[in-house]
Amino acid sequence: MRAAVLAPLLALLGGLLVAAPASAVTVTITSNLTKVREGSPVEFSGKAPAGSTVQLYQGAHKIPTPSTTASTKVPLPAATTKATSSGTWKITIVSAERAADGKKYVDGFRNYRVRVGSTQSAARQVNSYRPVSVSLSKTISGKKTAVATNEEIYSRSGITFSAVLSYGVKGNPAYLQRRVPTRSSSGKITGTQWATVKTATTVSTGANRTVSFGSVSTPPGRWQYRVSTKLVGLYAIGYSTTPAVHVVSCTTYPSRPAGIQPAFSNPGAYSTADRTKRSKALRDQLVKTICAADTGAELKLAMWHIDDDGLYKNPPEMVNPILRALDYVSATRKVKVSMVVDDSTGKQAYTTEWLKQIAARNEGGYYQCKDACLNERELQGDNNLLGDNHQKLMTISKAGKTGKPVTVVSTSNWSYWQLRDYWNSTTALWSDDAVYARASGRLNQMIAAATRTSTSQAWPNNSGNDAIRLTTTGTTGLWVPTVANNESAGSNTEGSAKTSISFSPTSGYDPILDRLNSYSCTENAGVVRFAVLLGQSTVGDKWVDTVKDLKSKGCKVYVVMSRPIPSGGHVFGTDKPTYDGLKKQLGGTTYLRCGSYIHTKNILFDQATSRGDTNYSVWTGPRNLDWSGFNISDETTLRIRNDAGVYNKYKADWINIWKKSGSCSGITWPARQ
């Protein structure tokens, strides 16, 4: 290969001097002198009689046959050397370097000769090209307005590029290029290369040699662009800077979703060191659901905590894709986005600014409840028992091009760690009008609560949605909704509805523990499975009593809960009296385990009946089994009944958590507050 390449070059460049053999001088060019950029070194080497003086001359411009008369050759004073004892010599010059006589050694097309005494070599041509400056500018339409370090756009054809070149005349070509991946024959990415996506020519001369590429279609993803030129006259290939753009897409489900779709984080599938591979199931479900929003839909959201990926160093992105999806449907589909958050979200200035800009479009709104929304104790001047807006609830009025709504109930905040490293779940209910009506009405109430500045302002009771009509509990400062008919206190019937949704604070009925207390497993063996973050206080005691009652009625009960998690200056977890009670009722590790970062609040029940079928129930949502979550904070509890497919997905997730958990021994449980 090397011989095949060098042979033509040696034949072209020659090296024989027109002189007597005794004083023969050969010239060998050891660098590619046909394309030398100004400022680059140019090396000449060859053979001459030992000790002889070798002088490099720069010839005239005339090509291809330069004049050989003395008047057209300029000796280069600094380009002189002596041949070594072995007869070799080497001279290196720098292109565009100015000599004492003001001449440039290399300037455009030049010819060089070497003289030894009265003998000179044949002429050799060197082409030196001046660097080209390319100034690139771009105009982006459909650009997101949030604070961002890289340019994010929502339109595939939203970029217009233009450039100004430092050389040339009208009609000179320029090339817009995009860096694209290179692939092997098997499709594996092996690297990147610059590919030309558009060609245009300069439209004017003089100081403004401008070229416009017009609108450029760009696939979704992160891309680099540049403008390049080709050799023209004495000028070299030039390149612009390489700005990056991020074309944001909004990818929804490949087919119209239907029914109940749960998703689980499953962090235990990967080792701690393998975090970049951890499941993105929760993130992807949220993104796809938001991206299913139809044009002109209304999206409402209540969340305890939202932060952005900029707070963390480890990939991949978890929260920002969700925020981009919100931004996308707001900006491109005119979706009205209204959100009510807890004050913990406001600690991330970047996130808060982004959310506010999203909500400012289409008559949406950004609201904040400093404490619980449905708790007006602070407005009454009482700063005790204020609770939190602990919701993880979202509704979309029409989605999937069905004209039907979707409701999402989650156990996870929109947090990098919770979406990726904690055990969590989300549940999307498609075309469930009853659940949507209650959830959407509840969000309306929370938004209204966030705008109240005094207790004299009336609450909106949503007269068209009596199921969540608010009533006051009197002097407690709480406003509570009614519960679904088939979840009401003392109800002896399950009703026909497969799904029901209820909210805290409540008027006294616990939609989880009170319902479980009504079950019996004496006819056929039934199993109750808890996978929860914590239990505390009087609700923790009620949980222990419920476990005792279920066991007395023939049920097997399994509990897996999170180890206490440090939170600020205290430890957050099940309090010691609740743990001691559970341990006593469950008899140790056979039915009781503890795991790391279990943030789910999922409770499962199944029992075979005399009818030959099975009674399945799943409870999920943000609510913990603690006094605050039941009595004073804003929470949601979703119940799904007699759907074997959905139940088995929750059961598989429960089994994953159980297998990754272990003994609770050696743990110091927090004291009861």
**Report entry** Worked check of side-chain contact (heavy atoms from CB on, under 4.5 Å) between Ile306 and Leu323
**Finding:** CA-CA 10 Å; Ile306 303 174; Leu323 303 187; 4.3 Å; yes
Report task. Please test Arg623 against Asp510 for salt bridge (charged side-chain N to carboxylate O under 4.0 Å, His left out), starting from the C-alpha separation and ending with a verdict. Result -> CA-CA 11 Å; Arg623 186 201 145 192; Asp510 189 319; 2.8 Å; yes
Would you say the side-chain atoms of [X] and [Y] include a donor-acceptor pair closer than 3.5 Å?
{"X": "Asn602", "Y": "Ser425", "value": "yes"}
{"X": "Asn424", "Y": "Thr411", "value": "yes"}
{"X": "Gln391", "Y": "Asp634", "value": "no"}
{"X": "Asp432", "Y": "Thr499", "value": "yes"}
{"X": "Gln536", "Y": "Thr578", "value": "no"}

Any side-chain heavy atom of [X] sitting closer than 4.5 Å to one from [Y]?
{"X": "Ser440", "Y": "Lys300", "answer": "yes"}
{"X": "Tyr366", "Y": "Ile358", "answer": "no"}
{"X": "His390", "Y": "Asn624", "answer": "yes"}
{"X": "Asp433", "Y": "Pro405", "answer": "yes"}
{"X": "Leu429", "Y": "Leu638", "answer": "yes"}
{"X": "Leu592", "Y": "Met561", "answer": "yes"}
{"X": "Asp307", "Y": "Val319", "answer": "yes"}
{"X": "Leu443", "Y": "Met394", "answer": "no"}

Requested in this report: Check the pair Lys542, Asp514 against side-chain contact (heavy atoms from CB on, under 4.5 Å), reporting the backbone distance first and the verdict last.
Outcome: CA-CA 9 Å; Lys542 186 172 184 177; Asp514 285 349; 2.5 Å; yes
Quick one: closest heavy-atom pair of [X] and [Y], and the distance?
{"X": "Ile598", "Y": "Ala531", "value": "CG2-C, 4.4 Å"}
{"X": "Thr407", "Y": "Tyr436", "value": "OG1-CA, 3.3 Å"}
{"X": "Phe630", "Y": "Tyr509", "value": "CE1-O, 3.5 Å"}
{"X": "Val329", "Y": "Cys291", "value": "CG1-CA, 4.2 Å"}
{"X": "Ala263", "Y": "Ala281", "value": "CB-O, 4.1 Å"}
{"X": "Arg442", "Y": "Ser504", "value": "NH2-O, 2.8 Å"}

Any side-chain to backbone donor/acceptor pair from [X] onto [Y]? Under 3.5 Å, distance only.
{"X": "Ser330", "Y": "Leu326", "value": "no"}
{"X": "Asn517", "Y": "Leu513", "value": "yes"}
{"X": "Asp294", "Y": "Lys401", "value": "yes"}
{"X": "Lys601", "Y": "His599", "value": "yes"}
{"X": "Asp575", "Y": "Ser537", "value": "yes"}
{"X": "Arg283", "Y": "Glu317", "value": "yes"}
{"X": "Asn642", "Y": "Tyr616", "value": "yes"}
{"X": "Asn375", "Y": "Arg377", "value": "yes"}
{"X": "Asn615", "Y": "Gln607", "value": "no"}
{"X": "Thr451", "Y": "Ala448", "value": "yes"}

First locate atom [atom1] of [X], then atom [atom2] of [Y], and finally report the distance between them rounded to the nearest 0.5 Å.
{"X": "Tyr650", "Y": "Asp606", "atom1": "OH", "atom2": "CG", "result": "15.5 Å"}
{"X": "Asn389", "Y": "Asp343", "atom1": "CG", "atom2": "CG", "result": "9.5 Å"}
{"X": "Ser397", "Y": "Lys336", "atom1": "OG", "atom2": "NZ", "result": "10.0 Å"}
{"X": "Arg563", "Y": "Cys664", "atom1": "CZ", "atom2": "SG", "result": "7.0 Å"}
{"X": "Gln285", "Y": "Thr427", "atom1": "CD", "atom2": "OG1", "result": "7.0 Å"}
{"X": "Met303", "Y": "Asn413", "atom1": "CE", "atom2": "CG", "result": "6.5 Å"}

Query raised in the report: Checking side-chain contact (heavy atoms from CB on, under 4.5 Å) for the pair Thr289/Trp430: CA distance, chi angles, key distance, verdict?
Result: CA-CA 10 Å; Thr289 302; Trp430 295 86; 3.9 Å; yes
Requested in this report: For atom NZ of Lys583, decide whether the heavy atoms of other residues, nucleotides or ligands shown that lie under 6.0 angstrom number more than 12.
Outcome: no
Query - Other residues, nucleotides, ligands: >12 heavy atoms within 6.0 Å of Tyr367 OH - result: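 Atom OH in Tyr367 is packed in, count exceeds 12.
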Requested in this report: Please assess Asp580 against Lys576 for the test salt bridge (charged side-chain N to carboxylate O under 4.0 Å, His left out), listing each intermediate value before the final yes or no.
Outcome: CA-CA 6 Å; Asp580 289 342; Lys576 191 174 187 305; 2.8 Å; yes
**Report entry** Chi angles and distances behind the side-chain hydrogen bond (donor to acceptor under 3.5 Å, both in side chains) call for Ser562, Tyr422
**Finding:** CA-CA 10 Å; Ser562 184; Tyr422 287 16; over 6 Å; no
**Report entry** side-chain hydrogen bond (donor to acceptor under 3.5 Å, both in side chains) assessment of Ser628 paired with Ser633
**Finding:** CA-CA 6 Å; Ser628 175; Ser633 291; 2.9 Å; yes
Query - Trp543 ring center within less than 6.0 Å of Phe530 ring center - result: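 Yes, the ring of Phe530 comes within the 6.0 Å limit of the ring of Trp543, centre to centre.
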**Report entry** Test side chain to side chain donor-acceptor pair (under 3.5 Å) applied to Ser617 and Arg515, Arg641, Arg639, the passing residue
**Finding:** Arg639
Query - Residues Ile512, Leu516; criterion side-chain contact (heavy atoms from CB on, under 4.5 Å); working and verdict - result: CA-CA 6 Å; Ile512 300 173; Leu516 283 171; 4.2 Å; yes
Query raised in the report: If you measure from the Lys or Arg side-chain nitrogens to the Asp or Glu carboxylate oxygens, is any gap between Asp549 and Lys553 under 4.0 Å?
Result: yes
Report task. Please work out whether the ring planes of Trp669 and Tyr579 are parallel, tilted or perpendicular, with thresholds of 30° and 60°. Result ->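 Because their plane-to-plane angle is under 30°, the rings of Trp669 and Tyr579 count as parallel.
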Report task. If the plane angle is over 60° it's perpendicular, under 30° parallel, otherwise tilted; pick one for Tyr558 and Trp654. Result ->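 Tyr558 and Trp654: perpendicular rings.
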